Amino acid sequence: MAPAMAGRFTGKVVLITGGAGGIGRAAAVRFASEGARVVVVDVAAAGLRQTVTAVEKVDGEAHSVEADVTKLAEAQRYADAAVKRFGSIDVFFNNAGILGALKSLVDYPEETFDRVIAVNVKAVWLGMKVVAPLMRARGGGAIVNTAYTASKHAVVGMTRAAALELARHNIRVNAVCPAPIETPMARELESEIKRERLTATIPMRRYGEPDEVAALVAFLASPDATYITGATYTVDGGAMA
């Protein structure tokens, strides 16, 4: 794990979707290790319990909410739960995502396409839709969106639009594009593309670690990044260089 900056998030509340997964869990632990109270959201109840346990191991405080991030009512519920439990939302890591099918354009199943767009794009919009007003009412905040695979361009576009709209409200919005990272999503990808073939395309010749993504997310959400908004950062070992 990258070294934590002690106290950067003391007294802050961090909301994380996709909190049962590798990157979400690493981010929860990272923020907690820097003093934040953390709310993690996912559909996977068992994974959420594991994340809460991981946060508690670094003497952090976490609350979990089982929710479908693709539904407006559920997004409103997880945001309300964070405010009810801890009083506010200072940082929102809008991170839920799925891989989808590895098929050609003409063979891609419509139902899979719809699900990928719902989780990777619509849920990002819904999250910002419900969290931004709460941040605006309290005077500001920081949002970091995760942009995955084929849905990346839509999320990057939404991130830029949100950054422009919310800057006057002291809300910063940035995006991270991680790939490939040592997570269940990467292992799912390996069912179709061998690890050796993937790592051969990466100048650093390895997958990234969830902690490495979490460190960037924490930086973007921190007081060290107060003049950064509307930006997109790749975490890919130089694959897009």
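Quick caveat, the model's predicted, so the values are computed rather than measured.
- Salt bridge absent: Arg115 and Glu111 never bring a charged side-chain N and a carboxylate O closer than 4.0 Å.
- Using modelled atom types, one side-chain atom of Thr51 and one backbone atom of Gly19 make a donor-acceptor pair closer than 3.5 Å.
- Salt bridge present: Glu182 and Arg195 bring a charged side-chain N and a carboxylate O closer than 4.0 Å.
- Side-chain atoms of Tyr148 and Thr146, non-hydrogen and from C-beta on, do get closer than 4.5 Å to each other.
- Looking at heavy atoms from C-beta onward, Val91 lies out of side-chain contact with Leu15 at the 4.5 angstrom threshold.
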Point to revise | Trace of the side chain to side chain contact (heavy atoms under 4.5 Å, CB included) decision for Asn174 with Ile228 | key: CA-CA 8 Å; Asn174 292 291; Ile228 300 174; 3.6 Å; yes
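- Side-chain contact between Val40 and Val65: absent, with no pair of heavy atoms (C-beta onward) separated by less than 4.5 Å.
- Among all heavy-atom pairs drawn from Ser88 and Asp90, the shortest one is OG-OD2, 3.5 Å.
- Side-chain N or O atoms of Asn170 include one that pairs as donor or acceptor with a backbone N or O of Gly139 at under 3.5 Å.
- The one candidate from His63, Glu61, Arg37 that meets the side-chain contact (heavy atoms from CB on, under 4.5 Å) condition with Val13 is Arg37.
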Check your understanding: Given the rule in the side chain to side chain contact (heavy atoms under 4.5 Å, CB included) test, do Met135 and Ile143 qualify, once you have shown the distances and angles that lead to the verdict?
Key -> CA-CA 10 Å; Met135 289 182 168; Ile143 298 171; 3.9 Å; yes
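- Between the side chain of Arg25 and the backbone N or O of Ala20, at least one donor-acceptor pair lies under 3.5 Å.
- Considering all non-hydrogen atoms of both residues, Leu166 and Ala132 come closest at CD1-CB, 3.9 Å.
- Considering every non-hydrogen atom in both Ser222 and Arg172, the closest pair reads O-NH2, 3.3 Å.
- With respect to the salt-bridge test (charged N to carboxylate O, under 4.0 angstrom), the residues Asp211 and Arg30 do not qualify.
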Review point. Passes side chain to side chain contact (heavy atoms under 4.5 Å, CB included), Phe92 versus Val14? Steps please.
Key: CA-CA 6 Å; Phe92 180 33; Val14 178; over 6 Å; no
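- Closest approach of Leu48 to Ser64, counting heavy atoms only: CB-CB, 4.0 Å.
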